[in-house]
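Following: one structure in structure tokens, then a few remarks.
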Amino acid sequence: MRWWKMLGLAGIMGVAATGVVIARAERRRRAYTPEEIRLRLRERAEAQPEGRSS
């Protein structure tokens, strides 16, 4: 039964690590000012080939 405990612990650690990665990405995303977001969106729109909407 010991390997069941190790498997459970590994699963819990994986969930915690995923949460940390998501939290970091969210903090990084929220750090942008509205002006920076608009600038990035405009740059993306200009970089797309003509006639392509997505």
Filter on salt bridge (charged side-chain N to carboxylate O under 4.0 Å, His left out), then keep only pairs touching residues 39-48, sequence neighbours left out; what's left?
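Found none.
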Is there side-chain contact between Thr33 and Glu36, with at least one heavy-atom pair below 4.5 Å?
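Yes, close enough: below the 4.5 Å cut-off.
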With the side chain counted from C-beta on, respond yes when Glu35 and Leu39 share a heavy-atom pair under 4.5 Å apart, and no when they do not.
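In short, these two side chains do not touch, never coming nearer than 4.5 Å.
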Verify same cluster id: Ile22, Val15 (apolar side-chain graph, 4.5 Å):
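Ile22 does not cluster with Val15.
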Rounded at 0.5 Å granularity, tell me how far CZ in Arg29 sits from CD1 in Ile37.
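Reported value, rounded in 0.5 Å steps: 7.5 Å.
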